[in-house]
Amino acid sequence: MSDSKQILTTINTELTKDSPDWNSILKITLAHFSCSTGTLHFLDDNSLLQLQSQVGIPEFLIPKLSTIPIGKGMAGIAAERKKPVEMCNLQTDDSGVARPSAKDTKVEGSLAAPLLLNDTLFGTIGIAKPIPYDFTEAEMNLLLQIGELISKKLS
């Protein structure tokens with residue numbers, strides 16, 4: 001993954017704007033990881049994750065993932081643990097981490113990471129592929145770095 005510096009530079013450039021295009025940042029991230037689906041949630045004043053941007057989520061699912069409590073679903077657990085949560089195949093998961101409606105996304109390999117800066121939570125970013133996939137340690141770390149850049153903008 002030699003182009004990890006490039007994606008961080010590209011995202012950082014987008015974040016220097018007064019009003020970053022969160023959808024563009026999510027799309028850049030998805031393209032880098034060859035993912036078809038993604039979400040970006042920001043933590044609100046009530047400690048709930050609020051959907052800021054999404055790509056590839058079926059319309060009927062948007063209400064179910066607009067607001068996510070800490071500790072619920074992959075995004076909520078990543079936020080609670082302040083660590084990435086990865087799933088090779090969301091369709092066959094029986095761990096209880098993914099919500100039942102998550103299977104309606106038709107994605108399989110999924111990764112949710114917290115948006116953290118100095119151990120302060122700002123939200124989560126989630127990416128997913130339509131095939132079973134195990135994200136590498138390097139990929140998880142890169143998604144955390146992207147999350148840190150986003151968190152700097154939000155702080």
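Screening residues 13-22 for side chain to side chain donor-acceptor pair (under 3.5 Å), with sequence neighbours left out, gives Glu14-Lys17. Annotation: ring pair (Phe, Tyr, Trp, His ring centres under 6.0 Å) contacts involving residues 134-154, sequence neighbours excluded, comprise Tyr133-Phe135.
Taking the side chain as every heavy atom from C-beta outward, Thr39 and Thr124 never approach each other to under 4.5 Å. At least one side-chain heavy atom of Leu40 sits less than 4.5 Å from a side-chain heavy atom of Ile150.
The cluster map of Ile, Leu, Val, Met, Phe, Trp and Tyr, joined by side-chain heavy atoms under 4.5 Å apart, puts Ile146 and Leu144 in different clusters. Both Phe33 and Val55 sit in one connected hydrophobic cluster of ILVMFWY residues. Membership requires side-chain heavy atoms under 4.5 Å apart, directly or through other members. Connection of Leu142 to Leu15 is established within a shared hydrophobic cluster, with ILVMFWY side chains joined at heavy-atom distances below 4.5 Å, either directly or through further cluster members.
Considering only residues two or more places apart in sequence or on other chains, Ser47 meets the side chain to side chain contact (heavy atoms under 4.5 Å, CB included) condition with none of them. Evaluation of the side chain to side chain contact (heavy atoms under 4.5 Å, CB included) rule for Lys83 yields Arg81 as partners, not counting sequence neighbours. Listed by chain and residue number, Leu49, Ile70, Leu121 satisfy the side chain to side chain contact (heavy atoms under 4.5 Å, CB included) test with Leu43 (two or more places apart in sequence, or in another chain). For Lys82, the salt bridge (charged side-chain N to carboxylate O under 4.0 Å, His left out) partners two or more places apart in sequence, or in a different chain, are Asp119.
In this structure, CG on Leu143 lies 7.0 Å from OG1 on Thr29, to the nearest 0.5 angstrom. Residue Leu30 holds its CG atom at 7.5 Å from CD1 of Ile125, rounded to the nearest 0.5 Å. Separating the CG atom in Leu149 from the CG atom in Leu154 is a distance of 11.0 Å, to the nearest 0.5 Å. Here the CG atom belonging to Asn141 is positioned 11.0 Å from the CD atom belonging to Glu148, to the nearest 0.5 angstrom. Note that CD of Glu137 is 10.0 Å distant from CD of Glu86, once rounded to the nearest 0.5 Å. To the nearest 0.5 Å, atom CD1 of residue Ile25 and atom CD1 of residue Ile11 are 6.5 Å apart.
Of all heavy-atom pairs between Ser155 and Lys152, the closest is OG-O, 2.9 Å. Here the closest non-hydrogen pair linking His32 and Ile7 is CB-CD1, 3.2 Å. Ser36 approaches Pro130 most closely through the heavy-atom pair OG-CD, 3.4 Å. When every heavy atom of Pro84 is checked against every heavy atom of Pro114, the shortest pair comes out as N-CD, 3.8 Å. Here the closest non-hydrogen pair linking Leu115 and Ser151 is C-OG, 3.1 Å. Counting all heavy atoms, side chain and backbone alike, Pro20 lies closest to Lys153 at CG-CE, 3.6 Å.
No donor-acceptor distance shorter than 3.5 angstrom exists from the side chain of Asn46 to the backbone of Leu48, with no hydrogens or angles considered.
Each of Gln50, Lys72, His41 was evaluated against Thr67; a single residue qualifies, Gln50, per the side-chain hydrogen bond (donor to acceptor under 3.5 Å, both in side chains) test.
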